[in-house]
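Here's the structure we're looking at; comments come further down.
Here is the naming used below: chain letters follow the sequence lines, and residue numbers restart at 1 for every chain.
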Amino acid sequence: MNPREIVKIQNMSKQFPMAGAFFTALADIDLSFRAGEFTGIVGPSGSGKTTLLNIIGSLDVPSRGSAIVLEHSISDLSHKRAAQLRNRHLGFIFQTYNLFPVYTVYENVEFPLLLLKMPAAARKQAVQEAIAWVGLSDKTDSKPPQLSGGECQRVAIARAMVKRPELVLADEPTANLDAKNSHNILQTMEALNREIGTTFIFATHDDKVINYLRRKITLNDGRVVKDEIASGTAGKKAKS
Amino acid sequence: MISIKLAYRNLIGAGLRTWLNVVVLSFAYVVIIWHKGFLQGWDEQARRDTIEWEIGGGQYLQQDYDPYDPLSLEAGHGMVPNDASAEINQGRLTPILALPAAMYPQGRIQSVILKGIDPQQRIIAIPSEALSVQSSEIPAVIGSRMARNNRLAVDDLITIRWRDANGTFDAQEVKIVAIFRTNVGSVDMGQLWLPLQRLQQMAQLPGQASILVADKRFNPTQSYSGWILKEQKILLQPIADVIRMKSIGGLVIFFMLLLLAMLAIFDTQVLSIFRRRREIGTLMALGMTRGQVIRIFTIEGAMHAVLATVVAAVYGIPMLYYFAKTGWKMPEMVDDMGMAIAETIYPAYPAQLVLGTILLVLVAVTIVSFLPTRRIAKLHPTEAIRGKLS
Ligand SMILES: Nc1ncnc2c1ncn2[C@@H]1O[C@H](COP(=O)(O)OP(=O)(O)O)[C@@H](O)[C@H]1O
Ligand SMILES: [Mg+2]
């Protein structure tokens, strides 16, 4: 039996108003994602990857068609319900890490759990576990400005993972990292995907990332031009 | 809780800018509390002294007597009303007779007001008991400013010249028997206090007076024909007026400081929302609503006031406490509009004043912090995350 379908996009388009006309960023998208995927959306810059990820992440809404994420129709969510969906079920990783510079590593990772009003004891355990996943247990009291880019992105992964969301959306997570750190990050995420079963969807045009993917969706000019099974070999090589 | 912690961290993280805002705001606190406290202290002191030395529980003025018009003095007296004699005998009222005169200290001529007072009276603080000495010279008590201005000392003799009821000039020597210190200039400068009966004889005005002063524990309500009742409240009104005028000066400084701090905080908020739009987008991605983000930024701004309260307390409490204890030395001869003024004023800081000021500043800062956050309400999360501002 196939794993549960967690994202279903049907006949979906996204247009942006532009100089009196409309610019079509996504056109007639039909896609489905199942729990446990490790999938990348690839394509050149401007092909609509971020736009697609934003809609799945309930940060934006389709112009036409539908996007159902974890049984929620994105078009129909109120501002508050969308925030709730993100708070409870979605994790985000950004190219620019977007950590709170005034918070320590520990506090950055703890933040989503505070929003969820998780009790203190459970929270502490979850935060420490998430920091251990990304191998930063010796840096819990550091603040982002004292960390390297690779370390920052690992904190961001811990922050996205700490509440064990069903789905993590990562927009160009390696774009600001060198090769070594990029591999490190991807291995971490792949391990989490395998061990915890978290679904990952990437937007990327980085070949290093593409080598880890198990499914690769190619966008061009806002259309899906290819949707293929990938080997994910890089991860397996690193593992052995 | 979560908002307060993040707000606090961000504020501290902003460093110098935050502290500049906080320090300006704390000045506003301390300046207004100090100034208001000073005036409050002055007001209390002036009222107390004026009641003590001059007006007691209120005064009856003879209808032709106008303390502000020296020309009226000549005629400003009348018979002490018969129906007031019970009150006078019981020590609830005391008559004072005022008469214009000239005195000749060291050959100069100086106009004075002779005030006849009952040596036995205990209603006002003029040391009238010193006038009960039996001597051929007329005894007189004067205030220290009068003494200094005319180089008079105890036991000095001084010639005075006055006109009696028939308009005849008469002159005689008086002897200074006591000098008193008071903060109330109007019972001191240009005033020569004599025994009431002696003055009545000198002026050929037996049984007459210009003022009936009530004991301060006694609230005069009775009316006497030919006499005008001036209630204590009315007589204290000039003090309230001066204090109010002085307060306005303080308020202007306070509002300027407050305005400066408000502008700085407003500016800080606008800048911080602009600079941290990516953080705002991240907060939304992590599941905060716009309302929650607005709350964080508003709390962050409002926290300036909280920090300012703490900072103001750190240097303000010892400073204000010190002044309240040791008092504020007033420069010589600041005799504002005839208002009683002590050499040292002890500021008083009622809790209402302190709490009211804190509350006012907190509300103002919160409003100023909130206004710029309306920008957040228009911010689209995807644009915020990309660091763009719509
Ligand atoms: N808010 C917006 N308003 C107007 N145009 C936008 C907006 N967001 C994205 N676009 C346009 O949509 C296209 C796709 O953008 P994006 O999804 O960011 O592409 P990618 O992430 O693949 O580089 C780009 O041409 C971009 O300029
Ligand atoms: Mg992009």
Side-chain angles (χ1 to χ4, degrees), chain A residues 14 16-17 25 50-55 57-61 78-104 107-118 120 123 143-145 156 159-160 162-163 165 168-172, chain B residues 1-19 268 271-297 299-301 303-304 307 373-374 376-390:
Chain A
K14 178 67 182 178
F16 293 109
T50 297
T51 305
L52 180 56
L53 228 51
N54 282 342
I55 292 172
S58 78
L59 292 167
D60 210 343
V61 289
S78 66
H79 173 73
K80 204 168 160 187
R81 301 276 296 170
Q84 235 166 42
L85 173 68
R86 294 193 292 271
N87 188 9
R88 294 190 187 147
H89 304 293
L90 304 181
F92 288 86
I93 295 169
F94 307 98
Q95 174 179 344
T96 46
Y97 327 133
N98 293 17
L99 301 176
F100 303 123
V102 295
Y103 268 13
T104 62
E107 290 164 337
N108 265 287
V109 176
E110 187 188 29
F111 191 84
L113 303 185
L114 289 172
L115 276 184
L116 283 170
K117 300 192 166 58
M118 185 186 275
R123 202 166 68 215
K143 287 185 180 168
R159 181 175 69 182
V162 69
K163 61 190 175 191
V168 170
L169 302 166
D171 194 356
E172 314 267 8
Chain B
M1 256 332 281
I2 182 171
S3 330
I4 290 175
K5 185 175 170 193
L6 188 59
Y8 175 75
R9 287 298 190 74
N10 274 317
L11 206 55
I12 299 297
L16 189 63
R17 195 177 169 95
T18 297
W19 292 114
T268 302
L271 204 73
S272 113
I273 288 164
F274 177 75
R275 274 210 295 241
R276 284 155 58 192
R277 52 206 184 279
R278 187 169 268 150
E279 177 184 327
I280 294 169
T282 308
L283 290 170
M284 290 180 181
L286 289 177
M288 276 198 160
T289 60
R290 285 194 186 93
Q292 285 174 305
V293 177
I294 285 174
R295 196 164 72 205
I296 284 193
F297 276 79
I299 290 176
E300 192 175 317
M303 216 172 258
H304 281 107
L307 289 182
T373 63
R374 289 184 313 172
I376 294 172
K378 289 187 219 135
L379 204 55
H380 199 278
T382 60
E383 315 232 301
I385 290 167
R386 285 195 299 168
K388 271 179 59 176
L389 207 58
S390 33

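Contact of A/Arg88 with chain B is not made at all, since no heavy-atom distance falls under 4.5 Å. Within the 4.5 angstrom heavy-atom criterion, no atom of A/Gln95 approaches chain B. Proximity to chain B is limited to the side chain of A/Thr96, based on heavy atoms less than 4.5 angstrom apart. Contacts between B/Arg290 and chain A at a heavy-atom distance below 4.5 Å involve backbone atoms as well as side-chain atoms.
If you take CG on A/Asn87 and CE on B/Met284, they are separated by 14.0 Å, rounding to the nearest 0.5 Å. In this structure, CG in A/Asp171 is found 11.0 Å from OG1 in B/Thr382, a value given to the nearest 0.5 Å. With values rounded to the nearest 0.5 angstrom, A/Asn54 atom CG is found 8.5 Å from B/His380 atom NE2.
The side-chain heavy atoms of B/Met288 and A/Phe111, taken from C-beta on, include a pair separated by under 4.5 Å. Residues B/Leu286 and A/Phe100 form a side-chain contact, since some pair of their non-hydrogen atoms from C-beta on lies under 4.5 Å apart.
A/Leu59 approaches B/Ala285 most closely through the heavy-atom pair CD2-CA, 4.0 Å.
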Inset, instruction - Evaluate the criterion side-chain contact (heavy atoms from CB on, under 4.5 Å) for residue pair B/Thr282 and A/Arg159; output intermediate values, then yes/no. - result: CA-CA 12 Å; B/Thr282 308; A/Arg159 181 175 69 182; 3.5 Å; yes
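Taking chain B as the reference chain and counting heavy-atom pairs below 4.5 Å, the highest number among A/Arg86, A/Lys163, A/Lys143, A/Lys80 is found for A/Arg86.
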